[in-house]
Amino acid sequence: MKRTKVKDLLASTQPMSDVTAKGWVRTFRNNQFIALNDGSTIHNIQCVVDFENTPEETLKRITTGAAVSVVGDLVESQGAGQKFEIQVKTLEILGDSDAEKFPMQPKKHSLEFLRDNAHLRVRTNAFGAIMRVRSVLAAAVHQYFQEQGFVYVNTPIITGADAEGAGEMFQVSALDMNNPPRNEDGTINYKEDFFGHQTNLTVSGQLEGEAFAMALGQIYTFGPTFRAENSNTSRHLAEFWMIEPEVAFNDLHDNMDLAEDFIRYVIKYTVDKCQDDLKFLEGRLIDEEKSKPQDQRSEMNLLDKLNFVLENNFKRVSYTEAIDILRDSTPNKKKKFQYVINEWGADLQSEHERFLVEKHFKSPVIVYDYPANIKSFYMRLNEDGKTVGAMDILFPGIGEIVGGSQREERYDVLVEKMRKIGIDEKELWWYLDTRRFGTAVHSGFGLGFERLVLFVTGMTNIRDVIPFPRTPGNAEF
Ligand code: 4AD
Ligand code: MG
């Protein structure tokens, strides 16, 4: 008989006879009660085994982690907290699980231990919930842009362009690296690679996205991006997913409006669809907060925090205003900023970003018009000649969640900028073509998908919101 998902069984409006459920045993109590989970929901369904008529041999094999199939009647449950349970008529063990050896014991495991078992951690409540929320957020991203008439564009993963001009790329090679062809000076001759030149994994689909926006009007990408930055932080991955909309004829302020509307939409969509998972994650967070000293605890519960974002506009400040605020502030009575901003032109450090968001504005903040020399080459130079039309969106507990800008659409200004910082025009000839033929004002941004998942799930380490995190020293799975 076809199985019914646990989620659907629990949502049933009436008892049913002879249903089939399949899943993994979370716990087995008193030789009688199986808590069965099949991943469709955070909730387990209780399966009551007729232990008097079940062979001892079978009962012994009902262990945490085992895969089982049960057939029985869905009846109203006497137990607290569940509407229905299954009175089991027949039970089949599909796959045994050695109770002694199964790493996911029915107890609280540390996040570090779970990271070392990324292939099994998804069988825990927390990771099941996180991965379902992640999936719904991804659906929301497509839903938003499709509703607004954006075209979904798949930009290349292997590319010859360094979109951010930051040099943090993973090289791709189709050469025999045991015996690579070499130039006279001993360096590897990538011309002999079948791509004919050096290639790398993309750091961003923006440049290709711009070319498409210059034909399709409004486009978005949603794909994996790669950064070979050797930073071991709770906010950085070497492989992460980025959403990059690009819109012709939008200026910087349209860009901010779009980003804000988009973020609100996807959070609302997910809050509406993932109530059970988010309530579970909120509970998890409350437990975690209890173990912290009082003054370090978050003032808001997870769902309050999400609702706050839905109900309040993000604060918008220029970089120059932000620097003035920071210069006049001390983050707390005892401590000054470790790194004090005295000079206009310095980049904001994460402690500054946190101060602006968590202490000063107590709200998500959009900082715009950054100094040109700390931002990427493609951002539009403002009339003052020293700032660019950039915008970063900063979120509580996360820091930068979005980076975007109005693009430099003027051919001459762009070429001049590239020359100044030594980007070879020849390498980006195709990008420059977009400015040569029918250039127009346009803007876009990139949202780091995992940082969004962090915010929505209330998790604090980015390694815990992607199935198999890629970080320095971690690519085992
Ligand atoms: O600020 P970034 O580097 O901007 C770009 O790549 C632009 N080309 C985007 C655009 O305008 N189309 O990255 C954008 C966002 C960041 O705000 C952050 O959320 C995320 O991507 N991000 C990372 N997330 C996880 N791990 C990393 N190493 C990340 N680097 C950036
Ligand atoms: Mg950035």
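Read the numbers this way: they start at 1 and go in the same order the structure lists the ligands and their atoms. These numbers were taken from a predicted model, which means no experiment stands behind them. Side chains included, hydrogens not; waters and symmetry mates left out as well; all remaining heavy atoms used.
Under the 4.0 Å criterion applied to side-chain N and carboxylate O atoms, Glu289 and Lys292 are assigned as salt-bridge partners. The existence of a salt bridge linking Arg121 and Asp116 is excluded, since no basic side-chain nitrogen approaches an acidic carboxylate oxygen closer than 4.0 Å. Taking a cutoff of 4.0 Å between a charged side-chain nitrogen and a carboxylate oxygen, Arg316 and Glu260 qualify as a salt bridge. Look at Glu288 and Lys290 and you find no salt bridge, because none of the NZ, NE, NH1 or NH2 atoms lies under 4.0 Å from a carboxylate O. Salt-bridge check for Asp261 with Arg264: failed, with every basic side-chain N at 4.0 Å or more from each acidic carboxylate O. Look at Lys375 and Asp392 and you find a salt bridge, because one of the NZ, NE, NH1 or NH2 atoms lies within 4.0 Å of a carboxylate O, short of that distance.
Using a 4.0 Å cut-off to heavy atoms of Gly403, the atoms of ligand 1 that qualify are 1 (O), 9 (C), 10 (C), 11 (O), 17 (O). Numbered from 1 in the order shown, with element, the atoms of ligand 1 that lie under 4.0 Å from a heavy atom of Glu229 read 27 (C), 28 (N), 30 (N). Taking every heavy atom of Tyr378 and a limit of under 4.0 angstrom, the matching atoms of ligand 1 come to 7 (C), 8 (N).
Comparing Met391, Glu244, Glu400 by heavy-atom distance to atom 12 (N) of ligand 1, the nearest is Glu244. The heavy atom nearest to atom 18 (C) of ligand 1, out of those in Arg227, Arg451, Glu168, is found in Arg451.
Of the candidates Leu432, Thr434, Thr439, Leu432 is the only one forming a side-chain contact (heavy atoms from CB on, under 4.5 Å) with Leu414.
Ring geometry for Tyr152 versus His142: interplanar angle over 60°, hence perpendicular rather than tilted (30 to 60°). Between Tyr319 and Tyr370, the ring planes lie tilted relative to each other; the angle falls in the 30° to 60° range.
Contact annotation: Glu400 places an N, O or S atom under 2.8 Å from the Mg ion (ligand 2).
Considering backbone and side-chain N/O of Ser204, one or more are found under 3.5 Å from N/O of ligand 1. Between Ile462 and ligand 1, a contact under 3.5 Å exists for no N or O pair. At a 3.5 angstrom cut-off on N or O pairs, Gly404 does not count as close to ligand 1. Geometrically, ligand 1 and Ile401 share a nitrogen or oxygen pair separated by less than 3.5 Å. Of the N or O atoms in Gln206, one or more lie within a sub-3.5 Å distance of an N or O in ligand 1.
Within the 4.0 Å heavy-atom shell around ligand 1 one finds Arg235. Proximity of Phe395 to ligand 1 is not established, as no heavy-atom distance is less than 4.0 Å. Note on ligand 1: Ser405 sits outside its first shell, no heavy atom being nearer than 4.0 Å. In this structure, Arg407 counts as a contact residue of ligand 1, since one of its heavy atoms falls inside 4.0 Å of the ligand.
Note that Arg435 lies in the cation-pi zone of Tyr431, set by a 6.0 Å cut-off to the ring centre and a 45° limit from the axis.
The number of heavy-atom neighbours closer than 6.0 Å to CD of Glu147, taken from other residues, nucleotides and ligands shown, is above 12.
Scanning the protein heavy atoms around atom 4 (O) of ligand 1, the nearest turns out to be Glu164 OE1, 4.0 Å. Atom 15 (C) of ligand 1 has as its closest protein heavy atom Gly446 O, 3.6 Å. Nearest to atom 14 (C) of ligand 1 among the protein's heavy atoms is Met242 SD, 3.4 Å. The closest protein non-hydrogen atom to atom 20 (C) of ligand 1 is Gly448 CA, 3.6 Å. The nearest protein atom to atom 26 (N) of ligand 1, hydrogens excluded, is given as Leu237 N, 2.9 Å; this is a heavy-atom distance.
The distance between the ring centers of Phe314 and Phe395 falls below 6.0 angstrom.
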Identify each donor-acceptor pair in which a side-chain atom of residues 301-313 lies under 3.5 Å from a protein atom, sequence neighbours left out, and give them as a table.
from   : atom 1 : to     : atom 2 : distance (Å)
Asn307 : ND2    : Leu303 : O      : 3.1
Asn312 : ND2    : Phe308 : O      : 3.0

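Proximity of Val402 to ligand 1, defined as any heavy-atom pair under 4.0 Å, is confined to the backbone N, CA, C and O atoms. Residue Tyr220 does not touch ligand 1, judged by heavy-atom distances below 4.0 Å. Within the 4.0 Å heavy-atom criterion, the part of Phe445 lying near ligand 1 is the backbone and not the side chain.
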- Which is it for His360 and Phe355 under the side chain to side chain contact (heavy atoms under 4.5 Å, CB included) test, yes or no, and what are the steps along the way? CA-CA 6 Å; His360 188 81; Phe355 176 82; 4.0 Å; yes

